[in-house]
A.B. asks: 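Quick one: this structure, given as structure tokens, is what I'll be asking you about.
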Amino acid sequence: MFDRRYFEKVFSGEDPWGYRTCQYEKTKHQRQTELVRQFACSPGSILEIGCAEGAHTVMLADAFPGASILSIDISPRALERARAACRGRSSVSFLEADLTGPFDKCGLAERRFDVIIQSECLYYMFPTLFVRARLVRYFNDLTGTMKTGSIFVTSNGLHPVTRLVVGMFYEMMKRRADLVHDSIHREWNEVRGKYGTYDLKVFRLRG
């Protein structure tokens with residue numbers, strides 16, 4: 001399982017995926033930020049699930065200075081670096097939480113957001129959600145934090161396993177939300193030394 005211990009080991013070295021230095025990752029984050037601008041214009045509240053060391057958090061805070069941003073990660077090490085990266089940005093707050101558990105245990109159940117961003121972490125959560133029979137509960141918790149008309153922005157690397165995993169979740173999202181943006185990108189990842197393919201999707205919650 002991809003639990004807290006797994007990610008603490010991953011973040012024993014700084015910037016393990018090259019989020020701060022890799023143009024592949026920067027371009028992906030820029031595209032997500034532009035999609036927020038396109039479909040939510042000037043959001044008042046943003047929830048970022050799986051913020052890692054805060055590379056995208058900084059970009060969001062600078063792009064939407066009027067938004068209150070809550071960024072969540074399972075790794076204390078990652079969050080320590082994310083807080084340092086966002087020092088001086090008072091609109092950003094952080095929460096250490098494992099969202100494979102109920103949202104009410106971490107205080108999210110009563111909150112509502114204009115934008116939710118979940119980038120490159122759904123397939124890490126999926127094995128635990130599946131084994132614990134919590135996938136439907138996670139879907140309900142997630143959409144329960146969305147306002148009518150709010151958007152869910154997601155991006156995930158694609159290969160045969162992840163396509164199956166995220167595809168199941170996308171079909172669930174279509175039951176309650178309209179797919180308003182759907183694209184696939186293939187670009188050179190200089191950190192991994194190969195081409196990477198990822199999707200970008202935006203769902204808007206129906207009333």
A.B. asks: Considering only heavy atoms from C-beta outward, does the side chain of Leu142 approach that of Ile49 to under 4.5 Å?
C.D. replies: yes

A.B. asks: Using side-chain heavy atoms (C-beta onward) and a distance below 4.5 Å, is Leu205 in contact with Arg176?
C.D. replies: yes

A.B. asks: What are the two closest non-hydrogen atoms of Ser71 and Leu79, and how far apart are they?
C.D. replies: O-CD2, 4.5 Å

A.B. asks: Does Asp62 reach the side chain of Arg89, with side-chain heavy atoms less than 4.5 Å apart?
C.D. replies: yes

A.B. asks: Establish, from distance only, whether the side-chain atoms of Ser155 and His29 form a donor-acceptor pair under 3.5 Å.
C.D. replies: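 No - no donor-acceptor pair under 3.5 Å links their side chains.
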
A.B. asks: Can you spot which of Tyr19, Trp17, Tyr6 makes a ring-ring contact (aromatic ring centres under 6.0 Å, His included) with Phe11?
C.D. replies: Trp17

A.B. asks: Val10 versus Ser75: any side-chain heavy-atom pair under 4.5 Å?
C.D. replies: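 Not in contact.
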
A.B. asks: Decide if atom NZ of Lys147 counts as having more than 12 heavy atoms of other residues, nucleotides or ligands within a radius under 6.0 Å.
C.D. replies: yes

A.B. asks: As an exercise, state the distance from CG of Leu200 to OG of Ser119, rounded to the nearest 0.5 Å.
C.D. replies: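 Result: 8.0 Å between the selected atoms.
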
A.B. asks: Nearest 0.5 Å, please: how far is CG in Asn189 from CD in Glu25?
C.D. replies: 6.0 Å

A.B. asks: Just so I know, are the side chains of Met173 and Lys201 near enough to count as touching, which here means a heavy-atom distance under 4.5 Å?
C.D. replies: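 A side-chain contact is absent here, since even the closest heavy-atom pair is not under 4.5 Å.
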
A.B. asks: Tell me, do Met172 and Leu135 make a side-chain contact under 4.5 Å, heavy atoms counted?
C.D. replies: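 Sidechains of Leu135 and Met172: in contact.
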
A.B. asks: Please say which of Glu120, His56, Gln23, His185 ends up in a side-chain hydrogen bond (donor to acceptor under 3.5 Å, both in side chains) with Lys28.
C.D. replies: Glu120

A.B. asks: Looking at Glu80 and Arg77, is any side-chain nitrogen of the basic one under 4.0 Å from a carboxylate oxygen of the acidic one?
C.D. replies: no

A.B. asks: Hey, mind stepping through Phe94 and Glu96 against side chain to side chain contact (heavy atoms under 4.5 Å, CB included) and telling me if it holds?
C.D. replies: CA-CA 7 Å; Phe94 294 94; Glu96 180 190 331; over 6 Å; no

A.B. asks: Do Leu108 and Leu99 make a side-chain contact, defined as non-hydrogen atoms from C-beta onward lying under 4.5 Å apart?
C.D. replies: yes

A.B. asks: Nearest 0.5 Å, please: how far is CG in Asp104 from CD in Glu110?
C.D. replies: 8.5 Å

A.B. asks: Just by modelled atom types, is the Ile151 backbone N or O under 3.5 Å from a matching donor or acceptor in the Arg204 side chain?
C.D. replies: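 Such a contact is absent between Arg204 side chain and Ile151 backbone.
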
A.B. asks: Does Leu47 reach the side chain of Arg111, with side-chain heavy atoms less than 4.5 Å apart?
C.D. replies: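 With C-beta onward as the side chain, the pair stays apart.
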
A.B. asks: What I want to find out is whether Lys105 reaches Asp141 closely enough, with some N-O distance under 4.0 Å, to be called a salt bridge.
C.D. replies: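 Between Asp141 and Lys105 there is no salt bridge, as every charged N stays at least 4.0 Å from the carboxylate O atoms.
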
A.B. asks: Going by atom types alone, do Asp182 and Tyr170 pair a side-chain donor with an acceptor below 3.5 Å?
C.D. replies: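 Short answer, no.
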
A.B. asks: Verify whether one side chain among Asn156 and Thr154 offers a donor that lies under 3.5 Å from an acceptor in the other.
C.D. replies: yes

A.B. asks: Are Thr57 and Glu48 close enough that a side-chain donor and a side-chain acceptor fall under 3.5 Å?
C.D. replies: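 Glu48 and Thr57 do have a side-chain donor-acceptor pair below 3.5 Å.
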
A.B. asks: Determine the minimum heavy-atom distance between Asp114 and Gly44, stating which atoms define it.
C.D. replies: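 Residues Asp114 and Gly44, closest heavy atoms: OD2-N, 2.8 Å.
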
A.B. asks: Could you tell me if Asp98 and Thr100 have a donor-acceptor pair between their side chains, going purely by distance under 3.5 Å?
C.D. replies: yes

